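Beneath this line is the structure, given in structure tokens, with notes to follow.
Values below: every heavy atom of this structure, side chains too, minus hydrogens, waters and symmetry copies. The structure displayed is predicted, hence computed values, not measured ones. Counting from 1, the numbers follow the sequence of the chain as shown.
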Amino acid sequence: MIQTKKMIKDTFWEILEEKPYNKITVQDIVNRCHVNRNTYYYHFQDIPTLMTDSIEDWMMDVIQKYGTLESPVDCLTYMAQECMKRKKAFLHLFRSVQKDVFLSGLSKMGDDIIRSYVEKLGKYERVSKAEKEILIKCYKCVFIGSILDWLEEGASYNLEELYEEMCKMFAGSGKRVLSAYKE
């Protein structure tokens with residue numbers, strides 16, 4: 001059962017790389033998976049349910065892989081790599097009626113990974129929770145804002161290179177901010 005559900009999700013991502021979200025049908029998915037419609041509907045109510053579940057799984061996978069990173073460069077670079085792996089799919093979701101669900105998932109993923117980094121960075125420092133929250137929001141805004149720009153530009157530039165350059169420009173800013181609050 002679990003393998004079938006995963007296969008359906010993987011197939012959804014494959015098809016989403018090929019065509020817009022609103023053009024994907026259950027028939028497309030079951031034909032490619034070689035399962036019947038009843039099997040599909042056993043696991044998913046409809047395409048939006050499959051999409052939401054697929055985004056959540058992808059997001060959790062990224063968080064598990066990269067949730068304990070050493071630097072903001074790592075946080076942003078690895079998130080960029082994961083986004084670029086699914087560039088066409090993300091463009092299709094961004095241009096779909098499910099845009100809000102997709103962007104909400106990206107926002108949660110960014111928040112979770114950046115929060116993990118900031119907590120690790122500041123665990124030996126005397127930094128208030130409010131100050132950490134400000135730093136998290138700052139990094140999250142950079143992540144989400146740049147993803148939005150990248151998608152609005154048709155994913156026409158290398159997001160990973162952008163993050164690497166941005167992190168070079170602001171190297172050590174998180175540590176400087178947190179260390180400024182040491183007593």
Side-chain angles (χ1 to χ4, degrees), residues 2-3 5-22 24 29 32-33 43-44 47-121 135-171 173-174:
I2 294 171
Q3 285 185 320
K5 190 172 183 178
K6 182 181 178 337
M7 179 177 59
I8 292 170
K9 288 179 193 179
D10 290 345
T11 300
F12 169 74
W13 283 113
E14 287 173 15
I15 295 172
L16 192 57
E17 286 285 330
E18 298 166 10
K19 63 184 183 177
Y21 172 81
N22 65 342
I24 297 173
I29 295 167
R32 187 155 316 170
C33 286
H43 294 288
F44 302 101
I47 299 286
T49 305
L50 169 61
M51 185 269 309
T52 302
D53 202 34
S54 297
I55 289 173
E56 287 173 2
D57 277 2
W58 172 79
M59 178 188 71
M60 292 311 296
D61 183 52
V62 172
I63 290 168
Q64 286 176 353
K65 280 170 60 177
Y66 304 119
T68 57
L69 300 170
E70 298 294 324
S71 73
V73 177
D74 291 341
C75 291
L76 296 175
T77 301
Y78 290 128
M79 286 189 287
Q81 288 172 354
E82 293 299 323
C83 291
M84 290 186 66
K85 285 179 188 175
R86 298 186 187 258
K87 180 164 76 171
K88 287 181 184 175
F90 282 9
L91 280 169
H92 288 143
L93 288 171
F94 183 71
R95 295 173 178 154
S96 77
V97 295
Q98 295 295 325
K99 178 181 182 175
D100 291 342
V101 174
F102 168 63
L103 293 178
S104 176
L106 283 176
S107 180
K108 181 177 180 351
M109 178 187 74
D111 187 81
D112 288 352
I113 291 173
I114 293 164
R115 184 171 302 283
S116 174
Y117 164 70
V118 169
E119 290 298 326
K120 182 179 180 183
L121 180 67
L135 188 60
I136 290 166
K137 284 182 190 285
C138 179
Y139 280 119
K140 182 179 158 185
C141 287
V142 167
F143 171 66
I144 296 302
S146 56
I147 290 286
L148 286 173
D149 182 69
W150 179 66
L151 291 168
E152 287 171 358
E153 295 286 327
S156 61
Y157 56 86
N158 186 315
L159 191 59
E160 184 179 354
E161 288 175 5
L162 173 71
Y163 284 151
E164 288 172 359
E165 289 302 313
M166 285 171 38
C167 288
K168 283 179 194 174
M169 290 174 67
F170 299 108
S173 61

For Asp57, enumerate each residue passing the salt bridge (Lys or Arg N to Asp or Glu O under 4.0 Å) test, keeping only those at least two apart in sequence or located in another chain. Lys9
Looking at every non-hydrogen atom in both residues, tell me the closest pair between Leu159 and Ser146 and how far apart they are. CD1-O, 4.1 Å
With Ser96 via side chain to side chain donor-acceptor pair (under 3.5 Å) - residues at least two apart: none
According to salt bridge (Lys or Arg N to Asp or Glu O under 4.0 Å), who are the partners of Glu165, at least two apart in sequence or on a separate chain? Lys168
Do Leu106 and Cys83 come within less than 4.5 Å of each other through their side chains, counting heavy atoms only? yes
Report the residues that fulfil ring-ring contact (aromatic ring centres under 6.0 Å, His included) with Phe90, sequence neighbours left out, ordered by chain and then residue number. Trp58, Phe102
Mind checking what makes side chain to side chain donor-acceptor pair (under 3.5 Å) contact with Thr52, not counting sequence neighbours? none
Tell me the closest heavy-atom pair linking Gln98 and Pro48, and the distance in Å. NE2-CB, 3.9 Å
What residues, two or more places apart in sequence or in another chain, satisfy side-chain contact (heavy atoms from CB on, under 4.5 Å) together with Ser107? Lys140, Ile144
Would you compute the distance between atom CG of Leu151 and atom CG of Leu103 and round it to the nearest 0.5 angstrom? 7.5 Å
Set of residues satisfying salt bridge (Lys or Arg N to Asp or Glu O under 4.0 Å) with respect to Lys19, sequence neighbours excluded: Asp28
Side-chain (Tyr163) to main-chain (Phe143) donor-acceptor, under 3.5 angstrom: yes
With a 3.5 Å distance limit and no angle check, can you tell me whether Ser104 reaches the backbone of Asp100 through a side-chain donor-acceptor pair? no
Residue list, ring-ring contact (aromatic ring centres under 6.0 Å, His included) with Phe94, at least two apart or on another chain: none
According to salt bridge (Lys or Arg N to Asp or Glu O under 4.0 Å), who are the partners of Arg32, at least two apart in sequence or on a separate chain? Glu14, Glu18
Residues that Ala89 engages under side-chain contact (heavy atoms from CB on, under 4.5 Å), provided they are two or more places apart: Trp13, Leu16, Glu17, Arg86
Would you name the heavy atoms of Ile29 and Thr11 that are closest together and state the gap between them? O-CG2, 3.9 Å
The criterion is side-chain contact (heavy atoms from CB on, under 4.5 Å); which residues satisfy it with Asn22, sequence neighbours excluded? Pro20
Using side-chain contact (heavy atoms from CB on, under 4.5 Å) as the criterion, list what pairs up with Asn158, not counting sequence neighbours. Met84, Glu160, Glu161
